[in-house]
Engineer: 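My structure is below; once you've seen it, I'll send some questions.
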Amino acid sequence: MPELPEVETTRRGLAPVVENRSIQRAVVRHRGMRLPVPQGLEQRLAGARIEALTRRGKYLLFNCVPAQGKPGALIVHLGMSGRLWLVDSATAPQKHDHFDLVIDSGRVIRLRDPRRFGLVLWQPGDALAHPLLAAMGPEPLTADFDGPMLYRETRPRSAAIKLVIMDSHVVAGVGNIYANESLFRAGIDPRTPARRVSQARCARLAQEIKTVLGEAIDAGGSSLRDYVGSDGMAGHFQNRFFVYGRAGEPCMRCGTAIRELRQGQRATCYCPRCQNR
DNA sequence: CCGACAACCTGTGAGC
DNA sequence: TGCTCACAGGTTGTCG
């Protein structure tokens with residue numbers, strides 16, 4: 001469900017609720033996430049103060065100072081089906097509600113993740129030192145990701161450009177929806193070998209990735225199936241997709257039928273007329 | 001290094 | 001209604 005804009009929307013919704021507050025207790029109901037939720041996490045978090053809620057790619061980082069022990073970060077990833085939202089302390093947990101953070105204000109941050117592809121981890125010290133985060137490429141919305149950087153990264157790569165921009169080692173947080181949408185906006189065929197995308201088109205693509213992610217964040221993310229923000233409100237960027245989920249429908253720019261194919265076991269949607277190699 | 005594929009797990013919708 | 005199958009926002013790991 002969540003790509004970078006949905007994770008950022010969640011972060012913005014939760015930050016004012018958790019920053020500079022303490023965790024009263026943490027509740028783990030199911031440790032079987034993509035990786036096991038660490039034993040002892042509840043004890044570590046009880047009484048910890050949350051200094052900041054930040055994001056790296058699609059990872060949410062609760063930077064904590066525990067009551068005892070050294071500072072560290074609670075790392076949460078929402079996987080495919082996770083969502084993190086605020087509930088009232090009286091709200092009974094449901095089937096797939098695997099984790100709660102009870103804040104001293106009495107508010108509860110609840111993780112629901114039916115598929116359990118998500119993660120709940122603890123990293124001592126700087127969260128960015130965690131192996132899953134350390135090897136990540138730049139944030140797409142900051143200045144260290146730009147056309148020249150993308151051009152450099154794509155030179156040695158023969159893989160399709162769509163697979164390359166979805167590779168978190170190249171740039172963090174570009175998932176299937178926004179990869180499709182940014183390639184449409186940039187007018188690039190998703191199958192183009194990365195090394196054959198020109199300097200000018202790399203610049204355009206980097207810009208379109210920033211633009212589409214920014215617009216999606218401003219729209220509160222995309223609500224597919226049951227995604228809602230931390231406040232329970234649905235995002236509405238899904239109404240502004242040009243190609244994702246529109247196979248067979250007319251291109252909004254030229255009217256040609258949008259096509260769908262598979263790349264890396266993921267659906268790729270594109271306009272055969274507006275997007276070229 | 002690359003691509004193809006499987007794996008993790010559950011829910012949903014389409015087709016029969 | 002109910003069964004089976006394909007597929008879904010992500011990521012890692014293996015194999016040839």
Side-chain angles (χ1 to χ4, degrees), chain A residues 1-11 29-37 55-60 75-85 94-99 111-121 130-137 140 153-182 190-196 209 212-213 216-217 219-229 234-241 243-248 260-269:
Chain A
M1 160 227 302
E3 290 198 35
L4 187 149
E6 292 74 46
V7 176
E8 176 63 16
T9 298
T10 300
R11 189 196 69 77
R29 298 187 194 82
H30 201 319
R31 305 200 99 86
M33 305 296 287
R34 180 156 65 88
L35 297 173
V37 177
R55 178 188 57 74
R56 176 80 170 96
K58 297 169 190 163
Y59 292 86
L60 284 168
I75 300 176
V76 176
H77 192 289
L78 300 176
M80 289 276 264
S81 59
R83 74 195 202 197
L84 206 52
W85 55 353
Q94 295 184 27
K95 187 175 180 187
H96 300 297
D97 291 343
H98 308 310
F99 180 73
L111 173 68
R112 176 175 298 179
D113 184 3
R115 293 178 74 179
R116 283 185 276 123
F117 286 179
L119 295 171
V120 177
L121 300 171
H130 192 284
L132 290 171
L133 305 189
M136 283 174 67
E153 286 294 319
T154 48
R155 286 319 86 190
R157 309 198 50 161
S158 59
I161 186 65
K162 184 192 176 217
L163 297 176
V164 172
I165 61 173
M166 287 182 70
D167 182 343
S168 64
H169 305 290
V170 174
V171 55
V174 178
N176 196 35
I177 292 177
Y178 300 102
N180 278 304
E181 293 297 313
S182 56
R191 298 166 295 184
T192 311
R195 61 161 60 110
R196 294 189 40 217
I209 288 171
V212 74
L213 292 175
I217 291 169
S222 301
S223 289
L224 300 184
R225 298 182 178 78
D226 59 352
Y227 170 80
V228 290
H236 52 270
F237 194 72
Q238 69 281 6
N239 300 318
R240 287 160 57 188
F241 293 162
V243 290
Y244 182 81
R246 298 194 63 244
E260 181 168 331
L261 50 81
R262 305 240 125 214
Q263 289 182 291
Q265 301 157 269
R266 312 298 298 279
T268 294
C269 308

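Chain letters run A, B, ... following the sequence lines, proteins first, then strands; residues in each count from 1.
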Engineer: Ignoring hydrogens and geometry, is there a side-chain-to-backbone donor-acceptor pair from A:R83 to A:D113 under 3.5 Å?
Structural biologist: no

Engineer: What about A:Q265, does its side chain sit under 3.5 Å from the base of B:dA4 through a donor-acceptor pair?
Structural biologist: no

Engineer: Give one of base, sugar-phosphate or nothing for A:L132, where a contact means two heavy atoms less than 4.0 Å apart.
Structural biologist: sugar-phosphate

Engineer: Between A:H30 (side chain) and A:H98 (backbone), is there a donor-acceptor pair under 3.5 Å?
Structural biologist: no

Engineer: What integer distance in Å separates A:E3:CD from C:dT11:C1'?
Structural biologist: 13 Å

Engineer: Donor-acceptor pair, A:E181 side chain versus A:Y244 backbone, under 3.5 Å?
Structural biologist: yes

Engineer: Verify the neighbour count for atom CZ of A:R196: are there more than 12 heavy atoms of other residues, nucleotides or ligands below 6.0 Å?
Structural biologist: no

Engineer: Dot-bracket for DNA chain B, please, read 5' to 3', with Watson-Crick or G-U wobble pairs under 3.5 Å on both distances, ( ) within the strand, [ ] crossing, | other strand, . unpaired.
Structural biologist: .|||||||.|||||||

Engineer: Base, sugar-phosphate, or nothing for A:R34, non-hydrogen atoms under 4.0 angstrom?
Structural biologist: base

Engineer: For DNA chain B, whose closest nucleotide is more 5', that of A:A160 or that of A:K95?
Structural biologist: A:A160

Engineer: Using the P atoms only, state how far C:dA6 lies from B:dC5, rounded to an integer number of Å.
Structural biologist: 14 Å

Engineer: Within the structure, does a side-chain N or O atom of A:Y244 lie under 4.0 Å from either OP1 or OP2 of C:dG9?
Structural biologist: yes

Engineer: Whole angstrom is fine here: how far is it from CG in A:L163 over to P in B:dC5?
Structural biologist: 13 Å

Engineer: Rounded to the nearest Å, what distance is computed from the CD1 atom of residue A:I165 to the C1' atom of nucleotide C:dG9?
Structural biologist: 15 Å

Engineer: Scan A:R266 against the nucleic acid and name what it touches under 4.0 Å (heavy atoms): base, sugar-phosphate only, or nothing.
Structural biologist: base

Engineer: Hey, which of A:V7, A:L121, A:L119 is the one that makes side chain to side chain contact (heavy atoms under 4.5 Å, CB included) with A:Y59?
Structural biologist: A:L119

Engineer: Any side-chain N or O of A:H77 below 4.0 angstrom from OP1/OP2 of C:dG10?
Structural biologist: no

Engineer: Could you state the CG-P distance from A:L119 to B:dA7, rounded to the nearest angstrom?
Structural biologist: 20 Å

Engineer: Are any of A:H96's side-chain N or O atoms less than 4.0 Å away from OP1 or OP2 of B:dC9?
Structural biologist: no

Engineer: Rounding to a whole Å, what distance do you find between A:D113:CG and B:dC9:C1'?
Structural biologist: 9 Å

Engineer: How far apart are the closest heavy atoms of A:A172 and A:L4, and which atoms are they?
Structural biologist: O-CD1, 4.1 Å

Engineer: C1' atom, B:dG3 versus C:dA8: distance in rounded Å?
Structural biologist: 22 Å

Engineer: With centres under 5.5 Å and planes under 30°, do A:F117 and B:dC8 count as stacked?
Structural biologist: yes

Engineer: Do A:R262 side-chain atoms and A:Q265 backbone N/O form a donor-acceptor pair below 3.5 Å?
Structural biologist: yes

Engineer: In whole Å, what is the span from the CZ atom of A:R112 to the C1' atom of B:dC9?
Structural biologist: 16 Å

Engineer: Start at the 5' end of DNA chain C and walk down; is the nucleotide closest to A:H169 or to A:R115 reached first?
Structural biologist: A:R115

Engineer: Round to a whole Å and report the spacing from CG of A:D167 to C1' of B:dC1.
Structural biologist: 12 Å

Engineer: Given atom CE of A:M33 and atom P of C:dT11, what is their separation to the nearest angstrom?
Structural biologist: 13 Å

Engineer: Looking only at atom types and distance, does a side-chain atom of A:Q263 sit under 3.5 Å from a main-chain N or O of A:P190, one as donor and one as acceptor?
Structural biologist: yes

Engineer: Tell me whether the side-chain N or O atoms of A:R116 pair up with the base of B:dC9 as donor and acceptor below 3.5 Å, since no angle test is needed here.
Structural biologist: no

